[in-house]
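Whatever order the structure lists ligands and atoms in, that order sets their numbers, starting from 1. For reference, positions follow the sequence shown, starting with 1. What you see is a predicted model; the values in this text were computed from it and never measured.
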Amino acid sequence: MSRWLGVAAAQLGPIGRNEPREAVVKRLVRLLREAHERGAELVVFPELALTTFFPRWALARSVADQWFETEMPGPATKPLFEEAALLRVGFFLGYAELTEDGHRYNSAVLVERDGSIVARFRKVHIPGHETEEPWRSFQHLERHYFEPGPDSFGVWEAFGCRVGMMLCNDRRWPESYRVMGLQGVELICCGYNTPIHYAPDPSQDVLAGFHNQLVLQAGAYQNGTWVVAAAKGGIEEGVDSLAQSSIVAPSGQVVAQSLSADDEVIVARCDLDWCSRYKSTLFDFARYRRPELYGLITASSDDPGRSGPSRRDVTP
Ligand code: ING
């Protein structure tokens with residue numbers, strides 16, 4: 001008998017710099033209610049879903065801290081937790097985390113259908129730059145505002161399956177999916193804020209949607225897992241951000257995708273046993289992987305002792 005789970009990606013349109021959390025939470029609750037009405041038991045919200053994507057500006061920490069959460073749930077987010085528990089719907093929510101001992105992370109929380117917090121994740125791959133670069137039409141100062149998460153990617157038993165989490169840039173790195181794949185992940189929650197313009201190489205702008213689909217579909221297929229990815233899209237404070245929220249099957253097929261760049265719910269009924277059709281055949285890791293030959297993957301890039309062909313051996 002197959003295990004089925006109704007899931008939703010709850011895409012957000014732009015959040016203004018001065019939009020109060022309370023107003024944003026009302027939008028999240030509205031999306032959560034629609035997802036529930038359409039059969040979802042797990043709703044995936046975007047990265048930094050409570051505020052505008054503030055790393056686009058160079059601001060004093062005292063200013064930027066207004067967009068960080070010191071508690072989750074806090075007064076402004078409690079209505080979302082309460083409505084979800086009432087409807088018995090779980091969710092994944094991205095937010096900026098300020099810890100008691102002063103650490104700042106780009107985080108997400110996974111909440112079960114009874115309102116309990118399953119786990120918290122802190123973004124591993126922090127893109128962008130550390131200091132203001134005036135040549136850019138807008139900044140991407142995530143490396144100024146956030147520390148990289150200290151923990152690796154985890155997988156937790158929840159929603160009747162094995163659930164993993166990642167945030168935005170994490171989805172571009174195959175290691176993110178494989179670390180979860182090696183833990184038997186069956187459904188990965190992901191939120192993202194992706195400006196379409198990539199200042200270091202504008203030739204990539206036109207490929208923003210293709211690259212988004214490429215990495216989500218490859219990661220799903222190569223690890224036999226569902227991937228549910230929710231965007232904050234549209235033109236937010238003058239910056240056009242990719243929407244294209246997607247639900248991807250273990251086969252790599254896109255089973256649902258957003259049509260707009262605004263608040264929008266997409267849903268899918270996920271056959272969780274579809275995962276094993278890939279994990280126990282083509283991607284039977286125990287039978288076919290050759291980890292003894294993959295040492296370079298975890299060697300740090302400037303590791304002098306790393307094995308494998310050195311640059312000298314590679315013909316130009
Ligand atoms: N955003 C981007 C992402 O990886 C980026 C960084 C922007 C990459 C534009 C490429 C082009 O989707 C976050 N928040 O990681």
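- Regarding atom 1 (N) of ligand 1, its nearest protein heavy-atom neighbour is Asn193 O, 2.9 Å.
- For the ligand labelled ligand 1, residue Arg171 lies inside the 4.0 Å heavy-atom shell.
- The closest protein non-hydrogen atom to atom 11 (C) of ligand 1 is Tyr198 CD1, 3.3 Å.
- Summary of contacts: the protein heavy atom closest to atom 12 (O) of ligand 1 is Thr194 OG1, 2.7 Å.
- What sits closest to atom 7 (C) of ligand 1 on the protein, heavy atoms only, is Pro195 CD, 3.8 Å.
- Listed by number with element, the atoms of ligand 1 under 4.0 angstrom from any heavy atom of Pro127 are 6 (C), 13 (C), 15 (O).
- Here's the thing with Asn169: one of its N/O atoms is less than 3.5 angstrom from an N/O atom of ligand 1.
- In this model, no donor atom of one side chain and acceptor atom of the other lie less than 3.5 Å apart for His103 and Arg122.
- Side-chain contact between Glu71 and Glu100 is absent, with no heavy atoms from C-beta onward closer than 4.5 Å.
- Ile235 CD1: 12 or fewer foreign heavy atoms inside a 6.0 Å radius.
- Against a heavy-atom cut-off of under 4.0 Å, Glu47 is close to the following atoms of ligand 1: 14 (N).
- In summary, of the residues considered (Phe68, Tyr105, Tyr95), a ring pair (Phe, Tyr, Trp, His ring centres under 6.0 Å) with Phe146 occurs for Phe68 alone.
- The aromatic rings of Phe91 and Phe81 sit perpendicular, their planes meeting at an angle over 60°, well past the 30° parallel limit.
- Between the side chain of Thr194 and the main chain of Ser241, no donor-acceptor pair closer than 3.5 Å is present.
- Looking only at protein heavy atoms, the nearest one to atom 3 (C) of ligand 1 is Arg172 NE, 3.4 Å.
- Note: an N/O pair closer than 3.5 Å links Glu142 and ligand 1 by distance alone.
- For atom 13 (C) of ligand 1, the nearest protein heavy atom (residue, atom name, distance) is Cys168 SG, 2.8 Å.
- Residue Lys123 touches ligand 1 through its side chain alone, judged by heavy-atom distances below 4.0 Å.
- Residues Phe121 and Leu167 approach most closely at CE2-N, 3.7 Å, considering heavy atoms.
- Note that CG of Asn193 is 8.0 Å distant from CD of Glu142, once rounded to the nearest 0.5 Å.
- Between Thr51 atom OG1 and Trp67 atom CH2 the span is 7.5 Å, to the nearest 0.5 Å.
- Here His140 has side-chain heavy atoms under 4.0 Å from ligand 1, and that is the only part of it that gets that close.
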